[in-house]
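Keep in mind the model is a prediction, meaning the values are calculated, not measured.
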Amino acid sequence: MALDPVAAAPVRESELRRFWNLTWTLAVTEWRLRFYGSVLGVVWTLLKPFAFFGVIYVVFAEIANVGDGITNYPAYILLSLILFGFFGEVTGGSVGSLVQRENLLRKMRFPRLVIPMSVALTSLMNLGMALIAGAIFLAFLGVYPDWGWLQLIPMVALLLIFSLGVGLLLSALFVRYRDIQPIWDVASQMLFYASPILYVATMVPEAFQRPYLANPLASIFTQMRHAIIDPNAAGA
């Protein structure tokens, strides 16, 4: 007996609402538990990228002079570190997420997609706070908001989709192959240096720029530089 499409619509809507409610509940719970009992609380979320930025800036800008000739180089590496940190948090948190929630999965019936989605949503909350703090810091560097900053919305959306896609693959593989965790730890470090974070894409030899920009992170960071840091820089 065929299901009436009109009758099926409320069912699908109810399932989507339940899916979203579960995702939101898990994400908020995880976000609160992360800082439970901590004196500084959410400040720790901001300390990591900014402390890392301080070390990177001193070594690469002041000592190695990598940023010579790059407009607003400190602002660029700060935003790149924040965005890559989001990618790393989503993918790294997703790897063992299904196994860590094994007891919950056995007790309740709900789409397993909820768990990595909640990881991504928690990371998105942290990203929002980091970007607000980053925008304040950029103002001190002389980089002020303009209409080009609106491009950050689709860029973050693309980064979220890419991060979630990688995270879903890793979480599924980790259920059967526990070697995925150390493999991804090494791969993510390689990806960090293979992406234009400490340098800009235009520093890559022209003959290799096209395959280099095939890396989604490279394209996003390059477009971010054009939209927010330096409108005269080449976009992706």
Side-chain angles (χ1 to χ4, degrees), residues 1-49 82-135 149-178 180-181 184 188 216-217 220:
M1 180 178 179
L3 184 64
D4 185 357
V6 177
V11 175
R12 288 193 295 266
E13 183 178 348
S14 176
E15 290 177 349
L16 288 174
R17 188 183 301 111
R18 179 172 177 267
F19 179 88
W20 167 250
N21 289 338
L22 282 171
T23 304
W24 176 258
T25 301
L26 285 176
V28 172
T29 302
E30 177 64 26
W31 192 77
R32 290 176 177 174
L33 288 176
R34 180 176 300 183
F35 308 111
Y36 180 77
S38 174
V39 176
L40 295 179
V42 298
V43 176
W44 289 114
T45 302
L46 305 178
L47 285 178
K48 182 178 179 180
I82 290 175
L83 293 177
F84 187 86
F86 169 72
F87 170 78
E89 186 176 351
V90 174
T91 55
S94 296
V95 174
S97 60
L98 294 177
V99 174
Q100 293 167 3
R101 301 274 186 175
E102 181 180 3
N103 291 333
L104 182 62
L105 288 170
R106 292 181 182 275
K107 293 177 181 178
M108 298 176 58
R109 293 190 61 183
F110 61 89
R112 284 157 175 73
L113 181 61
V114 165
I115 294 179
M117 282 284 290
S118 67
V119 172
L121 187 55
T122 302
S123 301
L124 196 60
M125 297 176 187
N126 295 332
L127 176 63
M129 293 189 300
L131 287 176
I132 291 173
W149 283 39
L150 292 176
Q151 296 182 50
L152 191 60
I153 298 175
M155 281 188 281
V156 169
L158 290 172
L159 182 59
L160 173 61
I161 293 171
F162 177 62
S163 304
L164 185 57
V166 174
L168 289 173
L169 177 62
L170 293 173
S171 64
L173 291 173
F174 184 77
V175 173
R176 298 194 62 180
Y177 308 105
R178 301 306 168 90
I180 293 298
Q181 181 71 68
W184 180 246
S188 60
L217 295 178
I220 291 172

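- Residues G92 and W184 approach most closely at N-NE1, 4.1 Å, considering heavy atoms.
- Contact annotation: the side chain of V90 never approaches that of L159 to less than 4.5 Å [non-hydrogen atoms, C-beta and beyond].
- Between V99 and F174, the closest side-chain pair of non-hydrogen atoms falls below 4.5 Å.
- Of the inter-residue distances, the one linking T91 atom OG1 with L168 atom CG reads 11.5 Å to the nearest 0.5 angstrom.
- Counting heavy atoms from C-beta outward, L127 and L83 have side chains that approach closer than 4.5 Å.
- To the nearest 0.5 angstrom, L98 atom CG is 11.0 Å from L170 atom CG.
- With a 4.5 Å cut-off on side-chain heavy atoms, W24 and L121 count as touching.
- Of the inter-residue distances, the one linking L173 atom CG with R178 atom CZ reads 12.0 Å to the nearest 0.5 angstrom.
- Nearest heavy-atom pair across F86 and S163 is CE2-OG, 4.2 Å.
- Note that CG of N126 and CD1 of I82 are 11.5 Å apart. Values are rounded to the nearest 0.5 Å.
- The two residues G93 and V119 have their closest heavy-atom pair at C-CG1, 3.8 Å.
- What you find for S171 and S97 is that their closest heavy atoms are CB-OG, 4.0 Å.
- Here OG1 of T25 is found 9.5 Å from CH2 of W20. Values are rounded to the nearest 0.5 Å.
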Trace of the side-chain contact (heavy atoms from CB on, under 4.5 Å) decision for M125 with V28: CA-CA 9 Å; M125 297 176 187; V28 172; 3.9 Å; yes
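- Taking the side chain as every heavy atom from C-beta outward, S118 and L22 never approach each other to under 4.5 Å.
- Put simply, the side chain of I180 reaches to within 4.5 Å of the side chain of Y177, judged on heavy atoms.
- Atom CD in E89 sits 10.0 Å away from atom CG in L124 (nearest 0.5 Å).
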